[in-house]
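Below, each value reflects all heavy atoms present in this structure, side chains not excepted, and no hydrogens, waters or symmetry copies.
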Amino acid sequence: KNSHEIFLGNCCSFIQWTFYRKKAFIQTKSQYCKEPSRSSATTKESWFKISILKESKEVFIETNNQGEIIDRFKVINIGKIQRGKGQGDIERITLKRVAKKKQ
């Protein structure tokens with residue numbers, strides 16, 4: 001499984017995408033700054049599929065839950081973050097949330 005975390009604001013809240021297929025993931029929301037720390041339970045609203053779209057010279061990712069587009073992101077950058085000696089690199093994708101595409 002591949003986990004990707006999206007860091008929000010003050011780094012107290014996290015959204016984690018755990019991919020179980022190439023274009024499908026489970027989303028978990030967690031917060032760590034207030035005691036007790038919490039994570040969301042997996043429900044039918046937690047299962048997503050993604051679509052990767054190229055429009056003009058830009059790339060977009062759309063998340064879909066139960067046949068409905070939930071979010072649309074513009075890919076800003078794809079790169080790597082160096083962790084430490086012998087720990088390998090982490091792939092990082094920088095996304096910007098944009099308005100949902102009108103259906």
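Checked by atom type and distance alone, the side chain of Q31 pairs as donor or acceptor with a backbone atom of P36 at under 3.5 Å. Judged purely by atom type and a 3.5 angstrom limit, N65 uses its side chain to pair as donor or acceptor with the backbone of K44.
When the options K29, Q27, Q16 are evaluated for a side chain to side chain contact (heavy atoms under 4.5 Å, CB included) with S40, the one that passes is K29. Results of the ring pair (Phe, Tyr, Trp, His ring centres under 6.0 Å) test with W47 over W17, F25, Y20, F19 single out Y20 as the only residue that passes.
Between D71 and E62, every side-chain heavy-atom pair lies at or beyond the 4.5 Å cut-off. Inter-residue side-chain proximity for I69 and T63 is flagged as unmet; no heavy-atom pair is nearer than 4.5 Å.
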### Criterion side chain to side chain contact (heavy atoms under 4.5 Å, CB included) on F48 and I70, from CA distance to verdict
CA-CA 9 Å; F48 290 87; I70 303 301; 3.8 Å; yes

### Worked verdict on L95 versus K74 for side chain to side chain contact (heavy atoms under 4.5 Å, CB included)
CA-CA 6 Å; L95 305 173; K74 179 180 175 182; over 6 Å; no

### Task
Apply the test side chain to side chain contact (heavy atoms under 4.5 Å, CB included) to residues I50 and N64: give CA-CA distance (whole Å), side-chain angles for both, the deciding distance (0.1 Å), then the verdict.
CA-CA 6 Å; I50 63 169; N64 177 306; over 6 Å; no

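For S30 against S39, the heavy-atom pair with the smallest separation is OG-OG, 2.7 Å.
F60 meets the ring-ring contact (aromatic ring centres under 6.0 Å, His included) test with no other residue; sequence neighbours excluded. Partners of E45 by salt bridge (Lys or Arg N to Asp or Glu O under 4.0 Å), not counting sequence neighbours: none found.
Cluster annotation: I76 and I78 are assigned to distinct hydrophobic clusters (Ile/Leu/Val/Met/Phe/Trp/Tyr, side-chain heavy-atom contacts under 4.5 Å, transitive).
We find that R72 and E58 are not joined by a salt bridge, their nearest charged nitrogen and carboxylate oxygen being 4.0 Å or further apart.
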